[in-house]
Amino acid sequence: MRALPKASCYTGVAMAKVTINTKHFLSVTDLAPSEIKGLIERARDMKTEANTAKPLQGKTVALLFEKPSLRTRVSFEVATANLGGNCIYLSPQEVGIGGREAVSDVAQALSRYVDCIVYRCFEHEKLVELAKYASVPVINALSEDEHPCQTLADLATMFEKREDLRTTTLAYIGDGNNVARSLAYGAASMGMTFRIASPPGYELSTEVLKKAAQIAAANGGQIEFLRDPFTAVENAHIVYTDVWASMGQEDQAGKRQEAFKGYQVNPELMEEASPDAIFMHDLPAHYGEEVPEGFLDHPQSVVFDQAENRLHAQQALLEALIG
Ligand code: CP
Ligand code: NVA
C-alpha cells in the first residue's frame with residue numbers, strides 16, 4: 001500500500017477549482033474522464049491542504065432524502081460548512097416528493113431558495129425529472145441506477161493508495177447494483193481494468209456493460225464479466241463489494257442470501273488477490289452476508305479512508321458546481 005504523497009507534488013492545475021461542463025451530476029458519465037481526474041486530484045489537495053477559501057459563502061444546499069443515510073448526509077453537510085455554505089436537510093416525511101407534491105413543482109419551488117439540490121431517491125427517473133425542472137444544479141446522492149458521489153470518493157481513494165490507476169485491476173464481487181454501475185463507468189473512465197463477478201440474475205445489464213466497455217476502450221481500460229469470484233480477484237489490486245440487498249430490496253433479502261452464497265468477500269478470497277491488494281466497501285455493511293463480522297478491520301481494508309474521502313470528493317464537486 002502506498003503512503004499518501006505530499007500535496008506539494010501536486011502543484012498543477014488541480015490546485016485551483018476544477019471547471020466542469022455539466023450543470024447536474026446525475027451519473028458518472030456526466031463527467032469527462034479529464035474532469036473526473038481533476039476532481040479527484042482536487043479532492044486530494046483539499047484533504048492535504050489547510051482550507052481557507054470559502055467558495056460557498058452565501059450559498060445554500062438542500063439535501064432531499066427519500067432513504068436513510070449516514071455518510072452521504074453528514075459528508076455533504078460538513079463539506080458545505082467547510083466551504084462556507086449552509087445546508088438544509090429535508091427528510092422523506094417532510095416533502096413527499098411525487099406524492100404530496102409533483103416532482104416538477106418541488107424542483108421549481110426549491111430552486112427559488114437554494115443553490116443546489118442533493119437528492120437521494122428510489123427511481124432514477126424522478127431524479128432526471130427534478131433536474132429537468134430545477135434551475136439550480138442537482139446532484140445524485142444515490143438512486144436505484146447510480147451512486148456517482150460514491151464513485152468519486154472511491155476513485156479518490158484508489159488514486160491515493162495506488163496513484164497509477166491505468167495499471168490497476170479492480171475486482172467487484174456481488175450485486176450489479178447502483179454502486180457497481182457507477183464504479184464500472186468510473187473505472188472505465190480512468191482506463192482501469194474493471195472485473196465484475198455476479199451470480200445469475202444479478203449481473204450488470206448488457207447495456208451497462210457495453211457502455212462501460214465503450215468508455216474503457218476510449219481510455220485504455222477494460223471491462224470483464226465473470227461468474228467465479230475466485231477467478232475475478234486473481235491478481236486484482238482492489239477487491240470491492242457492496243450489500244446483496246440494497247435499500248428498498250429488504251423483502252428480497254432471503255432470496256438474495258441464497259443467490260449470493262459463495263460471493264462473500266472474506267480472508268480466503270482476499271488471499272487470492274494481489275498481496276498488496278486493498279479492500280473497499282461503500283458501507284453500510286451487512287455482516288454475515290457480503291462480508292463476515294470484523295472484516296472491515298482486515299489489515300488490507302481501507303473502508304474508513306474511503307468513507308472519509310466522501311467529504312473531500314464532495315467538497316471538490318460542490319466547489320466545481322456552485323463555488
Ligand atoms: N455509502 C453511503 O452512501 O452511505 P450512506 O447510505 O450512509 O449515505
Ligand atoms: N447499494 C446500496 C448502497 C448503499 C450506500 C443501496 O442502494 O442501498
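Only heavy atoms go into these numbers, but all of them, side chains included; no hydrogens, no water, no symmetry mates. Ligands are counted one by one from 1 in listed order, and the atoms in each one are counted from 1 as well.
Listed by chain and number, the residues in a side chain to side chain donor-acceptor pair (under 3.5 Å) with N235 amount to none (sequence neighbours excluded).
The salt bridge (charged side-chain N to carboxylate O under 4.0 Å, His left out) pairs that include a residue from residues 251-271 are D175-R256, E258-K261, where partners are two or more places apart or lie in different chains.
The distance from the CH2 atom of W244 to the NE2 atom of H286 is 11.5 Å, given to the nearest 0.5 Å. Atom CG of L83 sits about 7.0 Å away from atom NZ of K54, to the nearest 0.5 Å.
The aromatic rings of H298 and F295 sit tilted relative to each other, their planes meeting at an angle between 30° and 60°.
Residues Q306 and D282 have side chains that never bring a donor and an acceptor to within less than 3.5 angstrom of each other. With no hydrogens or angles considered, no side-chain donor-acceptor pair links E290 and T241 at under 3.5 Å. In this model, a donor atom of one side chain and an acceptor atom of the other lie less than 3.5 Å apart for E146 and S182.
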Once you restrict both partners to nitrogen or oxygen, which atoms of ligand 2 have a protein partner under 3.5 Å, and how far apart are they?
residue: ligand 2; atom: 1 (N); partner: N177; partner atom: ND2; Å: 3.4
residue: ligand 2; atom: 1 (N); partner: N178; partner atom: OD1; Å: 2.9
residue: ligand 2; atom: 1 (N); partner: D242; partner atom: OD2; Å: 2.7
residue: ligand 2; atom: 1 (N); partner: S246; partner atom: OG; Å: 2.7
residue: ligand 2; atom: 7 (O); partner: N178; partner atom: ND2; Å: 2.9
residue: ligand 2; atom: 7 (O); partner: S246; partner atom: OG; Å: 3.4
residue: ligand 2; atom: 8 (O); partner: M247; partner atom: N; Å: 2.8

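Protein residues with a heavy atom closer than 4.0 Å to ligand 1 are S69, L70, R71, T72, R120, H147, Q150, D282, L283, R310, listed by chain and number.
Geometric assessment of R73 against the ring of F65 yields a negative cation-pi assignment under the 6.0 Å and 45° thresholds.
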